[in-house]
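Worksheet: the structure to be examined is printed underneath.
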Amino acid sequence: MGRDGNKSCFACCFSTPTTSSSSSSSSSSAIKLLFFIVPLILVSFIVFVLVPRNSTWALIYSLPPSTSAVAAAANSSEKLGASVYAESSQQVLDLPSRVVKTVDVGGSSGEATLSDSDEVAVNRSASPQLSAVEAVTKFQELNETKEYSSLNTSITDSDNLNITINGTPNNATTSSNETIALPLKHNRQVRTKLDKVEAGLQRARSAIREAKNGSQLRDPDHVPVGPMYWDAKAFHRSYLEMEKQFKVFVYKEGEPPVFHDGPCKSIYSMEGNFIYKLDVDTKFQTKDPQKAQVFYLPFSVAKMVRFVYSRDSRDFSPIRRTVVDYINLVAQKYPYWNRSHGADHFMLACHDWGPEASFSLPYLEKNSIRALCNANTSERFNPVKDVSIPEINLITDKLTGLMGGPSASRRQILAFFAGGVHGPIRPVLLEHWEDKDEDIKVHKYLPRGVNYYDMMRNSKYCICPSGYEVASPRIVEALYNGCVPVLISKSYVAPFSDVLRWKSFSVTVSVDDIPKLKEILMNISTRQYIRMQRRVLQVRRHFEFNSPPKRYDVFHMILHSVWLRRLNVRITDDHGAVAN
């Protein structure tokens with residue numbers, strides 16, 4: 001057959017025979033055709049079964065959360081950021097259970113939390129088998145909270161979802177880069193009340209950060225403006241956020257006169273008045289401790305000195321035991337002190353021994369917010385954590401007769417002081433200026449027939465030296481009477497310094513410069529003095545005592561300072577607090 005025979009066999013496989021063939025030849029052709037087609041069918045079936053229709057996603061899902069999976073997730077998340085960018089300036093995220101500190105490039109601190117629906121995506125499993133892409137995909141589907149205008153999300157770690165939010169900067173030149181670690185290992189299916197409280201605080205932080213570059217808000221009572229404020233817009237937004245959501249739980253344990261009581265008509269009057277006003281307040285006080293951002297310890301140090309301390313013994317330990325016993329009582333009855341180690345609790349004291357009373361318990365001094373008149377940094381007052389409040393000497397529950405004074409141009413006395421000689425500073429002042437100069441009226445005791453408040457109202461500057469302690473009621477008295485305060489003290493943090501820019505409406509003189517007091521005051525131009533005096537009249541509303549309280553008065557400013565300190569702390573359910 002040779003070559004012709006081979007051609008004949010090939011033709012039998014692929015062409016239709018035109019002539020009849022033998023049975024053996026037909027059978028051979030059918031077998032050859034079957035051997036060719038059956039493998040082709042089997043290969044096609046295997047490919048159809050084993051290869052999914054969306055092979056790319058199946059491959060990523062099958063991978064562990066490694067670098068390649070994380071990179072794929074980042075690409076997916078960039079699409080989310082692009083779609084949300086035009087609608088929101090900074091996404092508010094509520095971390096479901098743990099709160100992690102975040103710091104921007106400018107040094108300010110912040111945090112992010114996930115909303116109710118977001119937590120489902122982040123907390124669906126604490127297992128490491130959850131891939132990064134799966135979490136991001138769920139995050140995209142559920143991330144519907146759009147309250148701000150810029151969100152860029154990226155995944156940069158295989159164990160944690162590290163979401164980087166580039167939001168509105170605190171100033172025009174520095175952008176804010178905040179990294180929020182969302183741990184998948186800490187799983188809770190249901191958000192706690194604390195999570196919701198922290199979420200609300202985070203929304204407030206975001207609003208305050210954005211306020212600086214925003215437009216001025218309207219307010220029927222008062223719009224903070226001017227150089228008297230470090231940041232008027234941020235303060236205004238913070239105050240409005242406080243009014244909107246700040247809640248205080250007042251512990252009901254304890255009996256008067258040491259608890260839920262205090263002096264209302266003395267230089268320690270802020271202790272009693274604050275306790276009374278907060279006890280009957282319905283706006284800020286909450287009966288549900290789970291809704292509270294802070295917890296108030298309603299004891300009066302002034303009352304302890306009167307009813308617990310024995311003057312003959314000179315033993316301070318009874319006051320210490322009273323403080324320790326009270327905190328032990330509320331710590332055993334409620335979980336909140338132990339949860340934060342006191343970081344979301346605050347005390348208020350105007351007595352000189354207020355700091356000493358706080359030393360009774362380490363956590364009270366180091367963690368809790370201490371609102372003190374005696375704001376002395378040399379006695380461990382911490383301006384970051386603690387609050388300086390004004391010392392106000394109230395004779396009645398009204399300010400009738402304590403406010404007023406002529407305009408700046410009608411004040412004839414350059415400077416005035418009258419008061420007892422105690423502490424290290426006043427003897428120096430009296431030594432150099434008592435009855436030494438007609439322009440500097442310094443007296444130990446006022447001459448008969450001379451009214452103290454009339455002297456203040458006719459003076460341009462009112463000298464406010466520290467006594468035994470750094471605080472002095474003369475500061476508020478000067479503001480009430482339109483007199484520019486001259487602060488002479490050591491280690492004193494002026495009230496509400498977190499909001500008010502004291503150097504714009506007061507003069508600070510060091511103890512060493514007391515001999516040059518007149519020279520310092522005379523070097524202030526008339527124009528500058530008039531500006532300072534006008535600012536005194538503008539800021540004194542923040543030091544006014546009102547019954548009932550009015551917006552932006554001293555009661556609300558104390559609350560606002562406590563509110564600011566609470567914004568600097570994040571509380572977790574695992575018995576911890578993180579400072580921003």
Side-chain angles (χ1 to χ4, degrees), residues 226-228 267 373 388 390-395 399-420 425-426 429-430 433-434 437-447 450-467 470-489 492 494-497 500-510 513-514 516-545 553-554 557:
M228 305 85 67
I267 60 173
C373 288
S388 175
E391 192 171 77
I392 304 177
N393 187 13
L394 289 177
I395 301 174
L399 296 181
T400 306
L402 299 180
M403 307 280 291
S407 63
S409 60
R410 295 171 56 192
R411 294 174 180 258
Q412 303 302 316
I413 303 172
L414 178 62
F416 164 72
F417 168 79
I425 297 176
R426 294 186 186 184
L429 177 66
L430 290 167
W433 295 106
E434 185 180 17
D437 194 292
E438 286 298 318
D439 294 324
I440 307 291
K441 303 287 187 181
V442 174
H443 304 280
K444 185 185 303 182
Y445 302 105
L446 278 175
V450 177
N451 184 275
Y452 177 80
Y453 296 109
D454 286 342
M455 290 293 291
M456 277 194 160
R457 294 187 183 107
N458 286 294
S459 300
K460 295 180 179 179
Y461 300 95
C462 290
I463 305 171
C464 307
S466 296
V470 292
S472 170
R474 284 168 182 78
I475 297 175
V476 174
E477 292 168 350
L479 297 176
Y480 282 0
N481 291 280
C483 187
V484 176
V486 179
L487 309 181
I488 307 177
S489 63
Y492 178 52
F496 313 136
S497 295
L500 298 179
R501 193 166 163 264
W502 276 83
K503 65 180 181 180
S504 70
F505 59 90
S506 68
V507 179
T508 300
V509 176
S510 68
D513 287 336
I514 287 178
K516 299 186 293 183
L517 179 60
K518 183 175 182 179
E519 178 185 351
I520 292 172
L521 298 180
M522 293 294 291
N523 284 336
I524 300 174
S525 67
T526 301
R527 183 176 181 181
Q528 179 61 17
Y529 160 69
I530 292 175
R531 287 175 179 169
M532 296 173 70
Q533 200 268 346
R534 187 181 300 121
R535 294 165 187 167
V536 164
L537 301 180
Q538 290 177 285
V539 301
R540 73 180 179 188
R541 71 177 301 143
H542 300 313
F543 297 84
E544 293 178 8
F545 170 79
D553 68 0
V554 67
M557 289 297 290

_Using the side-chain hydrogen bond (donor to acceptor under 3.5 Å, both in side chains) criterion, which residues pair with S497? Sequence neighbours excluded._
none
*Drop me the distance from L487's CG to S466's OG, to the nearest 0.5 angstrom.*
8.5 Å
*When rounded to the nearest 0.5 angstrom, what is the spacing between CG in L429 and CD1 in I463?*
5.5 Å
*Compare every heavy atom of C483 with every heavy atom of S459, then report the nearest pair and how far apart it is.*
O-SG, 3.5 Å
*What distance separates M456 CE from N451 CG, expressed to the nearest 0.5 Å?*
11.0 Å
*asked:* Which heavy atom of G420 sits nearest to which heavy atom of R474, and what is that distance?
replied: N-NH2, 4.5 Å
*Residues two or more places apart in sequence or in another chain: which of them pass disulfide (SG to SG under 2.5 Å) with C464?*
none
*Report yes if some heavy atom in the side chain of V484 is under 4.5 Å from a heavy atom in the side chain of I524; otherwise report no.*
no
_List the residues meeting side-chain contact (heavy atoms from CB on, under 4.5 Å) with K518, not counting sequence neighbours, and say none if there are none._
L414, W433, D437, D439, I440, M522
*Give, for atom CG of L394 and atom CD1 of I267, the distance between the pair rounded to the nearest 0.5 Å.*
11.5 Å
*Would a 4.5 Å heavy-atom cut-off, applied to side chains only, mark R457 and P406 as touching?*
yes
*For E519, which residues count as a salt bridge (charged side-chain N to carboxylate O under 4.0 Å, His left out) partner, sequence neighbours excluded?*
none
*Distance-minimising heavy-atom pair for V509 and I514*: CG1-N, 4.3 Å
*Please list, chain by chain and in numerical order, all residues satisfying side-chain hydrogen bond (donor to acceptor under 3.5 Å, both in side chains) with H443, sequence neighbours excluded.*
none
*asked:* Enumerate the side-chain hydrogen bond (donor to acceptor under 3.5 Å, both in side chains) contacts for residues 525-541, please, sequence neighbours excluded, ordered by first and then second residue.
replied: none
*asked:* Restricting to non-hydrogen atoms, name the atom on I425 and the atom on S489 that form the minimum distance, rounded to 0.1 Å.
replied: CD1-CA, 3.6 Å
*For Y492, all residues meeting ring pair (Phe, Tyr, Trp, His ring centres under 6.0 Å), sequence neighbours excluded*: none
*Results of ring pair (Phe, Tyr, Trp, His ring centres under 6.0 Å) for F416 - residues two or more places apart only*: Y452
*Atom of H542, atom of F496 and distance for their closest heavy-atom approach*: O-CE1, 3.6 Å
*What residues form a side-chain hydrogen bond (donor to acceptor under 3.5 Å, both in side chains) with S407, not counting sequence neighbours?*
S409
_Any heavy-atom pair between the side chains of P485 and V536 that's under 4.5 Å?_
yes
*Please list, chain by chain and in numerical order, all residues satisfying side-chain hydrogen bond (donor to acceptor under 3.5 Å, both in side chains) with N458, sequence neighbours excluded.*
none
_Would you compute the distance between atom CG of L430 and atom NZ of K444 and round it to the nearest 0.5 angstrom?_
6.5 Å
*Hey, what do you get for CE (M532) to NZ (K503), rounding to the nearest 0.5 Å?*
11.5 Å
*Is the backbone of E477 close enough, under 3.5 Å, to the side chain of N481 for a donor and an acceptor to pair up by distance?*
yes
_Non-hydrogen atoms of R426 and F417 that approach each other most closely_ = CD-CZ, 4.0 Å
*Kindly assign one of parallel, tilted or perpendicular to the pair F543 and W502, based on the angle between their ring planes and the thresholds 30° and 60°.*
perpendicular
*Go through the steps to decide whether V486 and L517 satisfy the test side-chain contact (heavy atoms from CB on, under 4.5 Å), and finish with yes or no.*
CA-CA 10 Å; V486 179; L517 179 60; 4.2 Å; yes
